[in-house]
Amino acid sequence: MNRIDKKLSENKKLLSIYFTAGYPKINDTIPILESLEKNGVDMVEIGLPFSDPLADGPTIQDSSKQALKNGMTTELLFDQLKGIRDSVSIPLIIMGYFNPVLQYGVEAFCEKCNEIGIDGLILPDLPLAEYKEHYKSIFEKYGLVNVFLITPQTSEERIRQIDAASNAFIYMVSSATTTGVQQGFGSKQEQYFNRIGSLSLSNPQIVGFGISNAATFSQATAEAKGAIIGSAFIKMLAKDGIDGISNFINTIR
Amino acid sequence: MKINKSSDHTSLNKNKMNYNVNEKGYYGAFGGAYIPEMLYPNVEELRLNYLKVMKEESFQEEFKDLLKEYVGRPTPLYFAKRFSSKYNAKIYLKREDLCHTGAHKINNTIGQILMAKRLKKTRIIAETGAGQHGVATATVCALMGLECIVYMGEIDIERQAPNVARMKMLGATVVPALSGSKTLKDATNEAIRDWINNPIDTHYIIGSVVGPHPYPDMVARFQSVISQEIKVQLQEKEGRTNPDYVVACVGGGSNAAGAYYEYLDSPDVGIIAVEAAGKGIYSGESAATSVLGKTGIIHGSKTLLMQTQDGQITEPYSISAGLDYPGVGPMHAHLYQSGRGEFLSITDDDAMKAGLELSQLEGIIPAIETSHALAIFKTRKFNPEDIVVVNLSGRGDKDLNTYIDYFKL
């Protein structure tokens, strides 16, 4: 059983954290990962920064810009992550936009992830049809899980297609927004969470976008298996740095 | 020696290449819809409906009527006598500069506003660089009484104050794009983010043949009225529908797509695309995407793209704000890669001189974008009997300040 499946089979709600590699400081990647594991985080999305992050709000736009300014590159991230499996054992997923992966070479990128011990990828702008036709076999060859997104606007028919193409979990976007925009969940989100919960999908769902504290974490995970915190974590890093991680995680659960 | 230009369909079909979009949304290796799932329902709704809607008789009637009565079409195909004799070829100018709002951009915004209405959208968003597409969008929104929000880079807002004022006067809200480099690319990012945040009631009127499928095809179809008219007008003037060459400037490439559209699969018509070399192709300040770009993803489309080795999108430069885009429409990427199109690039200096020259030879002050297309005649030689149609995509009023500064007028 791979690390993600093992984690998903644990009998608890999962807390996942997103951060942008190379932010706030270029060499923070490893200390952040180690601190997250030490503080009981279940899974991490490591953000590969991109110049034009279409689906992201101001917080992640800024962290991406700063990370690039700090000198973060795909190659440097891979260098930093070399040996990460000596100190960190929770599932690690690289999340980013497709163009940097395309430029690195999709197969070379996947091979490198496999060597390092990355468990999966989330590439929001790599469409389902393209993935199935051109890249699925490469991901599988290197043991990488591919995670797709669904939103409140995704039709049930498409959710079922995505469920069938997924092999770990579905990233459930809480609301029709870019990242870091949603403030708290109302009845609209709860209806959506319940609707997806009632579909009995074969992959568990992890909710992202709009989770920033204990209240939103518990709302998001009432039906779903877990939740991802991104923008709120990055804001905390900007303010308190790595030393603030322990306190931040402890306030979530 | 002259080849007979009348379309011989039997011989054309023998080695027929297709330069148009295929059913998956690709032009050769370029195109597609590389969009996050949040945009999928909107783009899919458009993809499933755009051809159907465009084929409706009532749509065609309304579209054609507005192009005629409101935009002022057909625009003349003008034989530029003095310009022709200077460059020793038969040069015709397709006068898109005479369209309402001063450029070809409005052909597309008229089409898209009618599309938006049929899709029952009540809120319109758009991106703009120099402001031409923003003005064309604000215009059709005023015409139809729809809410209009235009995203414009903060730096462009400062540079293009008159167009900002025009949009406001037309009732649009102009929102500054504060992210990234604060120019066209970032305005487009902000418009896409707005669409993610407003997935139900909003239609995004993209201004060029860029973005995810079906946008490049839809915009090209709305602009194809340009080449449809050229065919009819050339038949009247020269007794043939096809010129030897059709020339257009390319930023994203919507005026070019419209001028080439009817000729894409006619090998007897040479297609010439003119990009902005800025201060020189290899100066580090250029927008010559075909030369400097590599295949990548920008704004949901796989196309030629100026980027770093690491896949970060880089900033283009041109004196002309309308050519200042780091990508190019997927149709043009395919025309380039397949060799169907001849791609040339023109520096700021040569474009400015050509703009001044046309003003003084023909009494027409062109937009600086168009001046790039006019500048090729200095170095690209044609036969005296060659019929060359240049798409005069826009008028130069918006560029007067740049012309004034450059020529110390």
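In what follows, chains carry the letters A, B, and so on, assigned in the order in which the sequence lines appear, proteins first and then strands, with residues in each chain numbered from 1. Please read all numbers here as calculations on a predicted model, not as lab measurements.
- Highest contact tally toward chain B, considering only A:Val181, A:Thr178, A:Leu149, is held by A:Thr178 [criterion: heavy-atom pairs under 4.5 Å].
- Between the side chains of A:Asp62 and A:Gln66, not a single donor N or O lies within less than 3.5 Å of an accepting N or O.
- A salt bridge between B:Lys185 and B:Glu315 is present, with a side-chain N of the basic residue lying under 4.0 Å from a carboxylate O of the acidic one.
- Only the side chain of A:Glu130 has a heavy atom closer than 4.5 Å to any heavy atom of chain B.
- In this structure, no portion of B:Glu44 lies under 4.5 Å from any heavy atom of chain A.
- For chain B, no part of A:Tyr104 is nearby; none of its heavy atoms comes within less than 4.5 Å.
- For the set A:Thr177, A:Asp56, A:Thr151, the entry with the most heavy-atom pairs within less than 4.5 Å of chain B is A:Thr177.
- A salt bridge does not link A:Asp163 with A:Arg160: every distance from a Lys NZ or Arg NE/NH1/NH2 to an Asp or Glu carboxylate oxygen is 4.0 Å or more.
- Side chains of B:Tyr204 and B:Gln112: a donor-acceptor N/O pair is absent below 3.5 angstrom, by distance only.
- Within the 4.5 angstrom heavy-atom criterion, only side-chain atoms of B:Ile200, from C-beta onward, approach chain A.
- For A:Ile162, the part lying near chain B is the side chain, with the backbone staying farther off; criterion is any non-hydrogen pair under 4.5 Å.
- Checked by atom type, the side-chain pair A:Gln103/B:Gln307 shows a donor-acceptor distance below 3.5 Å.
- Counting heavy-atom pairs closer than 4.5 Å to chain A, the top residue among B:Gly296, B:Pro212, B:Gly311 is B:Gly311.
- The contact between A:Phe209 and chain B is made entirely by side chain atoms (from C-beta outward), counting heavy-atom distances below 4.5 Å.
- Interface remark: B:Ile298 contributes no atoms to any contact with chain A (heavy atom separation under 4.5 Å).
- Under 3.5 Å, the side chains of B:Asn42 and B:His203 contain no donor-acceptor pair of N or O atoms.
- With a 4.5 angstrom heavy-atom cutoff, A:Leu128 does not touch chain B via any of its atoms.
- Side chain of B:Lys105 to backbone of B:Gly207: a donor-acceptor contact under 3.5 angstrom is found.
- Only the backbone of A:Pro49 comes within contact range of chain B, judged by heavy atoms closer than 4.5 Å.
- With A:Asn70 contributing its side chain and A:Gly22 its backbone, the two residues share a donor-acceptor pair below 3.5 Å.
- When every heavy atom of B:Val328 is checked against every heavy atom of B:Thr303, the shortest pair comes out as O-OG1, 2.7 Å.
- Heavy-atom pairs under 4.5 Å with chain A were tallied for B:Pro199, B:Ser179, B:Gly300; the largest tally goes to B:Pro199.
- For residues 25-34 of chain B, the interface with chain A (any heavy-atom pair closer than 4.5 Å) comprises B:Tyr26, B:Ala33, B:Tyr34, sorted by residue number.
- Using a 4.5 Å cut-off between heavy atoms, A:Leu102 touches chain B through its side chain atoms alone.
- No side-chain N or O of A:Glu190 forms a donor-acceptor pair with one of A:Asn194 less than 3.5 Å apart.
- There is no side-chain donor-acceptor pair under 3.5 Å between A:Tyr135 and A:Asn146.
- Residues A:Leu81 and A:Ile46 are in side-chain contact: their nearest non-hydrogen atoms beyond the backbone lie under 4.5 Å apart.
- Shown here for A:Gly120 and A:Ile4, the closest heavy-atom pair between the two residues is N-CD1, 4.5 Å.
- Heavy-atom distances place the side chain of B:Ile192, and not its backbone, under 4.5 Å from chain A.
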